[in-house]
Amino acid sequence: MAELSQDTTIRKSVFLAAPKARVWEFLTKADLLNEWFHPAEQDLAEGEDYTLRSQKDGDRMCWGKVVEARPHDYMKWDFTVGPMNGSMSTVEWELTEAPGGTRLTLIHSGLPTDVDGFGLVMALDKGWHGFLSNLHSME
């Protein structure tokens, strides 16, 4: 019998043709978050709660708190969405210099490890894939 992995951490990286400072702006500035992710009620800052809303109807999509922010290298969020019923997960952003730009890495941990939660993990994985792809068109 095959062993099941209990690791449901989502790990994704993209290479972006922009300096780290510019990528950081896309992760923290409300108007730029709206371009690739979800509209934010305010710029994201360390120690502050955040709420990101739906592009379509303005409903709350995801929310939490910016736990740590080290411009332009690292940011850590407490993160949840409606289907998580108030359980918090962790989203980490790592920015590293790459030839001609920046490597942006997302690590989303603290997700369900049971069969019932796997649909949520798959939905978040698909969502992050699409959102990170949107960053390729940033200017």
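The structure presented is a predicted model; accordingly, all values stated were derived computationally and were not measured.
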Working to the nearest 0.5 Å, report the span between [atom1] of [X] and [atom2] of [Y].
{"X": "T80", "Y": "R60", "atom1": "OG1", "atom2": "CZ", "answer": "8.5 Å"}
{"X": "L106", "Y": "L104", "atom1": "CG", "atom2": "CG", "answer": "7.5 Å"}
{"X": "R70", "Y": "K76", "atom1": "CZ", "atom2": "NZ", "answer": "10.0 Å"}
{"X": "R11", "Y": "E94", "atom1": "CZ", "atom2": "CD", "answer": "10.5 Å"}
{"X": "F37", "Y": "L32", "atom1": "CZ", "atom2": "CG", "answer": "14.0 Å"}
{"X": "L16", "Y": "F26", "atom1": "CG", "atom2": "CZ", "answer": "9.5 Å"}

Verdict with supporting geometry, V67 and D78, side-chain contact (heavy atoms from CB on, under 4.5 Å): CA-CA 7 Å; V67 176; D78 284 340; 3.5 Å; yes
query: Regarding S13 and T105, is there a side-chain donor-to-acceptor distance under 3.5 Å anywhere?
result: yes
For this session: Assess the side chains of S89 and H108: does a donor N or O sit below 3.5 Å from an acceptor N or O?
Result: yes
Side chains of [X] and [Y] in contact at under 4.5 Å (non-hydrogen atoms):
{"X": "V66", "Y": "E48", "value": "no"}
{"X": "D73", "Y": "L95", "value": "no"}
{"X": "L33", "Y": "P39", "value": "no"}
{"X": "L27", "Y": "W36", "value": "yes"}
{"X": "L111", "Y": "T9", "value": "no"}

Close aromatic pair by centroid cut-off 6.0 Å: W63 and Y50: no
Does the ring centre of F79 sit less than 6.0 Å away from the ring centre of W128?
yes
[X] side chain to [Y] main-chain N or O, any donor-acceptor pair under 3.5 Å?
{"X": "Q55", "Y": "N34", "value": "yes"}
{"X": "T8", "Y": "P112", "value": "yes"}
{"X": "E68", "Y": "M75", "value": "no"}

Answer yes when E41 and R53 have at least one side-chain N-carboxylate O distance shorter than 4.0 Å, and no when they do not. yes
Heavy-atom closest pair, residues [X] and [Y]:
{"X": "E46", "Y": "A69", "value": "OE1-N, 2.7 Å"}
{"X": "L52", "Y": "A40", "value": "CD2-CB, 3.4 Å"}
{"X": "K65", "Y": "G47", "value": "CE-O, 3.2 Å"}
{"X": "T102", "Y": "A18", "value": "OG1-O, 2.6 Å"}
{"X": "N134", "Y": "S137", "value": "O-OG, 2.9 Å"}
{"X": "P83", "Y": "L120", "value": "CB-CD1, 4.0 Å"}

Checklist entry - Transitively linked via ILVMFWY side-chain contacts under 4.5 Å: I107 with W93? => result no
Query raised in the report: Mind checking whether M61 and V121 sit in one hydrophobic cluster, side chains of I, L, V, M, F, W, Y counted as touching below 4.5 Å?
Result: no
(message) Looking at W24, I'd like to know if the NZ or CZ of R22 sits under 6.0 Å from its six-membered ring centre while staying within 45 degrees of the ring's axis.
(response) no
Handout entry: Full working for side-chain contact (heavy atoms from CB on, under 4.5 Å) between V14 and H136
Key = CA-CA 8 Å; V14 289; H136 286 289; 3.9 Å; yes
Verdict with reasoning, L44 to W77, per side-chain contact (heavy atoms from CB on, under 4.5 Å): CA-CA 10 Å; L44 302 189; W77 300 345; 3.4 Å; yes
